[in-house]
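I'd like to ask you about the structure that follows.
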Amino acid sequence: MSKTIAKRSRKVKILATLGPASNSPEMIEKLFRAGADAFRVNMSHGEHATHAATINAIRQIETRLQRPITILCDLQGPKLRVGTFEGGKAFLKHGQHFTLDSNPEAGNDQRAYLPHKEIFAALDKGQRLLIDDGKMVLRVLRPGETEILCSVEVGGFISDRKGLNVPDSLVPMAALTEKDRRDLAFALDMGADWIALSFVQRPDDVAEARSLIGGRAALIAKIEKPAALASLEAIIELSDAVMVARGDLGVEMAPEEVPVMQKRIVETARRSGKPVVVATQMLESMITSPSPTRAEVSDVANAVYDGADAVMLSAETAAGDWPELAVGMMDRIATQVESDPGYAARVHFIETLPDATTADALSAACSEIANTVRVSAIVCFTLSGSTARRVSRERPAVPVMVLTPSRETARRVGLLWGAYPVVTRDIGSFEEMIGKGKRMALRHGFGEAGGRIIALAGVPFGTPGSTNVLHIVTLTGEELKGYKG
């Protein structure tokens, strides 16, 4: 295989989940070449040794191809489950009574063990309990401290340790379990760029995770509980990004409500200037089929038209039969959408008003200039990544080349819409900034002789959050001649 890889022509990013079907070094590189910009390591499955081998393989590919690659470690979060059953399963009939209790003995068709004491105190009469991803529905008739009497609204077979969802109540459980804390420590030690926090219900969940992370990685809050929607703005404010996790969200909400909530979450995140990922079941049929349904293609396209920073593949790449084809299909869908003449108008349907800061004003100006003056790229110099986030928020018409001396920053901005990160030596003067920006634009294919780029940076250099210089420069095409640095 070639040691180089062409720059992406699209701006939306593809996040691919790795698993048994795709965690070999050979397949990871194939997925990256097919279009994956970032990789998700799902901590719900597998051992630390397996995850360590996967992460090390990604870093080796990164070194060989000389392209920063983003790694997201997704924490499992609190999984609610029922206990075991005599014979492994029981059949519940529609309309019958069924009790969930604190008795750890094996259950039957009349009762089952519920090993989560927090739920007993959280429920009220009339609330729903969903079992096995909503395949079975119970309605609470009489809550209690040790027993919950229910009516079976949707029956069927219930088996050992099936998952339980509580959509109508805020369960007083922390988003981080002991397993999550161990997994978080491991992920940070392995140098994960992003940590995804599952089953966020309240802002305090995000605050606790941020405290434990201590700035060693960026934090993405997964919105998959209806309770989180009540505090959406506060959760987004405390997070570095959010994910529309439609799997569990679709279990706990009516299916017809999920698209509306997806739009709301994407819009709120974009207004806040925070990256947003749309995830789960995007090309679900490609787990077993080499081609998606037309509805799935439209689903991916819809997220791209809405201006999501990234779209995610789950089981399609982690356990499916066609991981490379799934990434390639998502790449083609996104590229086709972004080539639509009407795409620019659609992606700007959300008005992102700049904050009253010099940095925000200049970032917004970059987008306006790109729409007015013919430029090939916006080249921003950043240490922390904040300049890149501000520019990306505006969804400019041209790519955003992010130059940074920090490899960690380069990896983190890999989830940002339109961002192309490059690790380079630090700069010390305005003249050096312009020279380096021109050379890097030519070297990475973001400009040509006679073309123009926008350079954006902060002076004095090396001061995070000090963006205050915008400069339009013309390329001669001679900038790389005789230059060895």
Side-chain angles (χ1 to χ4, degrees), residues 42-46 76-175 177-180 198-199 201 222 224-228 245-258 280-281 284 287-288 314-315 319:
N42 188 357
M43 305 305 292
S44 297
H45 308 290
Q76 176 177 290
K79 286 285 189 180
L80 304 178
R81 300 184 185 279
V82 297
T84 59
F85 290 84
E86 297 171 359
K89 63 181 180 179
F91 184 79
L92 307 187
K93 291 184 286 189
H94 170 74
Q96 76 165 83
H97 285 183
F98 186 74
T99 300
L100 295 169
D101 59 36
S102 56
N103 179 0
E105 294 180 6
N108 50 43
D109 61 0
Q110 298 298 310
R111 58 156 295 276
Y113 174 47
L114 182 60
H116 305 285
K117 61 182 180 181
E118 300 91 345
I119 297 179
F120 291 94
L123 293 179
D124 291 321
K125 181 179 179 180
Q127 293 182 332
R128 294 169 299 156
L129 296 172
L130 311 178
I131 298 172
D132 193 11
D133 289 337
K135 295 183 178 66
M136 302 182 65
V137 181
L138 308 180
R139 184 76 64 173
V140 176
L141 297 177
R142 186 178 66 240
E145 294 182 1
T146 58
E147 290 186 349
I148 304 167
L149 179 64
C150 303
S151 173
V152 178
E153 288 196 349
V154 178
F157 280 103
I158 181 172
S159 55
D160 292 348
R161 300 185 180 87
K162 282 297 181 185
L164 178 75
N165 290 82
V166 187
D168 303 329
S169 179
L170 182 65
V171 180
M173 297 181 71
T177 65
E178 286 305 313
K179 170 181 164 49
D180 293 328
S198 298
F199 299 110
Q201 295 189 93
K222 294 170 66 178
E224 52 194 330
K225 298 282 290 181
R246 304 178 305 177
D248 277 272
L249 194 61
V251 171
E252 299 204 359
M253 301 181 72
E256 65 272 17
E257 294 178 320
V258 175
T280 320
Q281 297 178 334
E284 182 84 352
I287 295 173
T288 56
S314 301

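We count residues from 1, following the sequence as given.
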Note to self: Tell me if the CD atom of Glu153 is crowded by more than 12 foreign heavy atoms within 6.0 Å.
What the structure shows: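 Enclosed: over 12 neighbouring heavy atoms sit under 6.0 Å from CD of Glu153.
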
Checklist line | Inter-residue atom distance Thr99.OG1 - Glu147.CD, 0.5 Å rounding | finding: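 The CD atom of Glu147 is 5.5 Å from OG1 of Thr99, to the nearest 0.5 Å.
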
Item checked: Nearest heavy-atom neighbours spanning Ser169 and Ala122 ->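 Closest heavy-atom pair between Ser169 and Ala122: OG-O, 2.8 Å.
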
Item checked: Full working for side chain to side chain contact (heavy atoms under 4.5 Å, CB included) between Arg142 and Lys125 -> CA-CA 6 Å; Arg142 186 178 66 240; Lys125 181 179 179 180; over 6 Å; no

Margin query: Can you give me the closest heavy-atom contact between Ala227 and Leu170, atom names plus distance?
Written below: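 What the structure gives for the nearest pair is CB-CD1, 3.6 Å.
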
Notebook entry, point to check: When you measure from the side chain of Glu118 to the backbone N and O of Val171, does any donor-acceptor pair fall under 3.5 Å?
Noted result: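 Checked: no pair found.
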
Review item, side-chain donor-acceptor pairs of residues 130-138, under 3.5 Å, at least two apart:
none

Check: Do the side chains of Val166 and Leu129 get nearer than 4.5 Å, heavy atoms only?
Finding: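 Yes - at least one pair of side-chain heavy atoms lies under 4.5 Å apart.
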
Notebook entry, point to check: Does any N or O in the side chain of His116 come within less than 3.5 Å of the main-chain N or O of Arg81, such that one atom is a donor and the other an acceptor?
Noted result: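 Side chain of His116 to backbone of Arg81, a donor-acceptor pair under 3.5 Å: yes, one is there.
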
Next item on the list: State, with a plain yes or no, whether a side-chain heavy atom of Arg111 is found less than 4.5 Å away from one of Asn103.
Entry: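 In short, these two side chains touch, coming nearer than 4.5 Å.
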
Margin query: Do Ser44 and Asn42 pair up side chain to side chain, a donor and an acceptor below 3.5 Å, judged on atom types alone?
Written below: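 Ser44 vs Asn42: donor-acceptor pair found between side chains.
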
Item checked: Considering all heavy atoms, the nearest Asp168-Gln127 contact ->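 Between these two residues, the closest heavy atoms are O-NE2, 3.0 Å.
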
Check: Does Val154 reach the side chain of His94, with side-chain heavy atoms less than 4.5 Å apart?
Finding: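 Sidechains of His94 and Val154: no contact.
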
Item checked: Test item: Gln76 and Asp180 side chains (from C-beta on) under 4.5 Å apart, heavy atoms ->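 Heavy-atom side-chain distance check passes, below 4.5 Å.
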
Item checked: Non-hydrogen atoms of Ala175 and Pro78 that approach each other most closely ->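 Ala175 and Pro78 have their closest heavy atoms at O-CD, 3.3 Å.
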
Next item on the list: Please say whether more than 12 non-hydrogen atoms of neighbouring residues, nucleotides or ligands are located less than 6.0 Å from CD in Glu256.
Entry: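 Yes, CD of Glu256 has more than 12 neighbouring heavy atoms, counting only those of other groups under 6.0 Å.
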
Margin query: Does the plane of the ring in Phe98 sit parallel, tilted or perpendicular to the ring in Phe85? Use 30° and 60° as the thresholds.
Written below: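 Taking Phe85 first and then Phe98, their aromatic rings lie parallel (interplane angle under 30°).
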
Next item on the list: Without swapping roles, check the side chain of Gln96 against the backbone of Asp109 for a donor-acceptor pair under 3.5 Å.
Entry: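 Yes: the side chain of Gln96 pairs with the backbone of Asp109.
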
Checklist line | Arg139, CZ atom: more than 12 neighbouring heavy atoms under 6.0 Å | finding: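 Atom CZ in Arg139 is crowded, with more than 12 foreign heavy atoms closer than 6.0 Å.
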
Check: Donor-acceptor pair, Lys179 side chain versus Met43 backbone, under 3.5 Å?
Finding: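 Such a contact is found between Lys179 side chain and Met43 backbone.
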
Margin query: Less than 4.5 Å apart, side chain to side chain, heavy atoms only: is that true for Glu224 and Phe199?
Written below: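 Heavy-atom side-chain distance check passes, below 4.5 Å.
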
Notebook entry, point to check: Does Leu80 reach the side chain of Leu114, with side-chain heavy atoms less than 4.5 Å apart?
Noted result: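 No, every pair of side-chain atoms sits at 4.5 Å or beyond.
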
Notebook entry, point to check: Got a sec: does the NZ of Lys89 have more than 12 other heavy atoms crowding it under 6.0 Å?
Noted result: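 Counting neighbours around NZ of Lys89, 12 or fewer heavy atoms of other residues, nucleotides or ligands fall under 6.0 Å, so no.
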
Note to self: Any side-chain to backbone donor/acceptor pair from Glu257 onto Ala254? Under 3.5 Å, distance only.
What the structure shows: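 The answer is yes, because a donor-acceptor pair under 3.5 Å joins these two groups.
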
Check: Can you tell if the side chain of Cys150 reaches within under 4.5 Å of the side chain of Ile148, non-hydrogen atoms only?
Finding: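 They are in contact (side-chain heavy atoms under 4.5 Å apart), so the answer is yes.
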
Next item on the list: State the CE-NZ distance between Met173 and Lys117, to the nearest 0.5 angstrom.
Entry: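 Rounded to the nearest 0.5 Å, the CE-NZ separation comes out at 10.5 Å.
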
Item checked: Side-chain heavy-atom pair His97, Leu149 within 4.5 angstrom cut-off ->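 Yes, side chains in contact.
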
Item checked: Distance, nearest 0.5 Å, that separates CZ of Phe120 from CG of Leu100 ->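 These two atoms lie 7.0 Å from each other.
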
